[in-house]
Amino acid sequence: MSTVYTVKEIYIYPIKSLAGISCQQAFAEEMGFENDRRWMLLDSDNQHITQREYPLMSQFYPEISGGKISITFKDQKHEFSIDEHLEHQIYTKVWEDKSFVFEVNKATSKWFSDHIGFECKLVKIIKTGDRKHESSRSKEIYNVSFADAYPYLLIGTQSLDFLNDKLEEKITIKRFRPNIVVSTQNAHEEDDFETFKVGEVQFKNVKPCGRCIMVNNDPQNGVVKKEPLKTLSKYRNFNKSVLFGTNIVGLNPGIIQVGDEVVF
């Protein structure tokens, strides 16, 4: 009997480096799922900021409802409209990729500045093509949102189980911020996926994902620990890159849902 692979979890992360939202279904677009990493925070020098330097960002929790995004941090809450932004275009970079963005509004920027502890602004990417990323492996150029490099990250369930077998303190898949979690039979077999269909969407695997210190940030409390990067580096270190999960791109728009079969 052939193995059946199914979608177990779907996540979006509306604001780069803030907490994610678990979804039962999501609409796939070229840049990633709808409302996934379409916003990010810039410092006063218009440089993007992430959990790598500011682990507290993991404690900001977004929700989407009625055309608005609300952010909860401790006992404080703020909301803004998905569609709103100011008119002045801002030039910035996401790593080495040039990007053109727009500030959402001054009140939202002030709210984040007050709670993060330094001046920052919330910005939005408003159209496909305002940020392009060249694959280090294939040299293809992709339209991307504010994800680190690629529109989607996929992880197999057995990859996490295999890792947890080696850890004293078990962790959840949230450490790795995937978009799609699929049931698998073997650890890291997702690295070798090629093209496949989920729901209405055809996907193509680009390359396994190199991981950084962010996976050591416990999303439950924002405390940075030594694991799982310490253990992963012992068996998933390839050419000085610790790999976990794989970067994929969508080849057409459409809906995918939890429970959908992965068809190769």
Side-chain angles (χ1 to χ4, degrees), residues 12-21 31-33 35-62 69 71-74 76 78 80-82 84-136 141-153 175-177 179 209-219 222-224 229 240-242 247:
I12 63 170
Y13 309 85
I15 302 176
K16 183 177 180 66
S17 251
L18 270 57
I21 300 173
M31 292 199 300
F33 285 135
N35 294 323
D36 181 42
R37 283 167 287 206
R38 299 303 199 271
W39 295 265
M40 71 176 175
L41 288 162
L42 302 182
D43 65 17
S44 58
D45 295 320
N46 288 336
Q47 302 295 308
H48 76 281
I49 62 175
T50 74
Q51 285 184 39
R52 292 166 181 83
E53 297 82 24
Y54 306 102
L56 182 70
M57 293 173 71
S58 65
Q59 303 305 293
F60 288 77
Y61 295 92
I69 296 181
I71 310 294
T72 301
F73 174 69
K74 297 181 179 178
Q76 300 296 309
H78 179 82
F80 58 91
S81 169
I82 285 176
E84 71 177 299
H85 62 83
L86 303 179
E87 293 303 315
H88 175 65
Q89 188 179 66
I90 299 169
Y91 169 79
T92 186
K93 283 186 174 183
V94 181
W95 308 117
E96 297 304 315
D97 303 333
K98 299 175 183 177
S99 184
F100 297 98
V101 302
F102 295 83
E103 186 173 8
V104 170
N105 63 54
K106 297 297 182 183
T108 297
S109 295
K110 184 178 187 305
W111 187 85
F112 276 106
S113 299
D114 289 345
H115 290 89
I116 288 180
F118 57 87
E119 182 182 343
C120 58
K121 62 177 74 75
L122 185 70
V123 299
K124 181 183 182 183
I125 188 168
I126 63 170
K127 69 178 189 294
T128 301
D130 277 352
R131 181 202 169 196
K132 297 179 183 294
H133 176 76
E134 181 179 305
S135 169
S136 59
I141 295 175
Y142 299 105
N143 290 315
V144 193
S145 60
F146 296 138
D148 272 359
Y150 297 94
Y152 300 93
L153 176 67
R175 287 287 187 102
F176 299 98
R177 300 174 67 83
N179 293 112
C209 181
R211 311 313 301 229
C212 70
I213 192 67
M214 264 183 65
V215 301
N216 285 355
N217 185 2
D218 187 338
V223 174
V224 179
L229 209 53
K240 298 182 179 180
S241 183
V242 177
N247 295 299

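In this structure, NE2 on H133 lies 15.0 Å from NZ on K98, to the nearest 0.5 angstrom. Remark: I15 CD1 to I71 CD1 distance equals 3.5 Å, nearest 0.5 Å. Atom-to-atom distance recorded for I21:CD1 and I69:CD1 is 7.0 Å, nearest 0.5 angstrom. To the nearest 0.5 Å, atoms NZ (K132) and CD1 (I141) are separated by 7.5 Å. S99 contributes atom OG, which lies 10.5 Å from atom CD1 of I90 (distance to the nearest 0.5 angstrom). The NZ atom of K16 sits 11.5 Å away from atom CG of L42, with the distance rounded to the nearest 0.5 Å.
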Taking only distance into account, with no hydrogens and no angle test, what donor-acceptor pairs under 3.5 Å do side-chain atoms of residues 119-129 form with protein atoms, sequence neighbours excluded?
{"unit_1": "K121", "atom_1": "NZ", "unit_2": "N46", "atom_2": "OD1", "d": "2.8"}
{"unit_1": "K124", "atom_1": "NZ", "unit_2": "I82", "atom_2": "O", "d": "2.5"}
{"unit_1": "K127", "atom_1": "NZ", "unit_2": "D130", "atom_2": "OD1", "d": "3.1"}

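Paired with N105 under the rule side chain to side chain donor-acceptor pair (under 3.5 Å), one option of E84, H85, K110 passes, and it is E84.
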Residue pair I12, R37: steps toward the side chain to side chain contact (heavy atoms under 4.5 Å, CB included) verdict: CA-CA 8 Å; I12 63 170; R37 283 167 287 206; over 6 Å; no
Before you tell me yes or no, could you show the steps for S135 and Y150 under side chain to side chain contact (heavy atoms under 4.5 Å, CB included), namely the whole-Å CA-CA distance, both residues' side-chain angles and the distance that decides it to 0.1 Å? CA-CA 8 Å; S135 169; Y150 297 94; 3.1 Å; yes
For the pair K74 and Q59, evaluate side chain to side chain contact (heavy atoms under 4.5 Å, CB included) and give the outcome as yes or no after the intermediate values. CA-CA 8 Å; K74 297 181 179 178; Q59 303 305 293; over 6 Å; no
Please test Y61 against F73 for side chain to side chain contact (heavy atoms under 4.5 Å, CB included), starting from the C-alpha separation and ending with a verdict. CA-CA 7 Å; Y61 295 92; F73 174 69; over 6 Å; no
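Here F118 and Y54 bring their ring centres to under 6.0 angstrom of each other. Ring centers of F112 and F60: under 6.0 Å apart, within the cut-off. Between F33 and Y152, the ring centre distance stays below 6.0 Å.
Side-chain contact between V104 and L86 is absent, with no heavy atoms from C-beta onward closer than 4.5 Å.
Using modelled atom types, one finds a donor on one side chain and an acceptor on the other under 3.5 Å when comparing E103 with S109. Of the N and O atoms on the side chains of H78 and T108, at least one donor lies less than 3.5 Å from an acceptor on the other residue. Checking R211 against N216 by side-chain atom types alone, no donor-acceptor pair falls below 3.5 Å.
Here the closest non-hydrogen pair linking N217 and S58 is ND2-OG, 3.5 Å. Residues P14 and A19 share a closest heavy-atom pair of CD-O, 4.5 Å.
For D43, the side-chain hydrogen bond (donor to acceptor under 3.5 Å, both in side chains) test picks out no residue, with sequence neighbours left out. Listed by chain and residue number, D97 satisfy the salt bridge (charged side-chain N to carboxylate O under 4.0 Å, His left out) test with R131 (two or more places apart in sequence, or in another chain).
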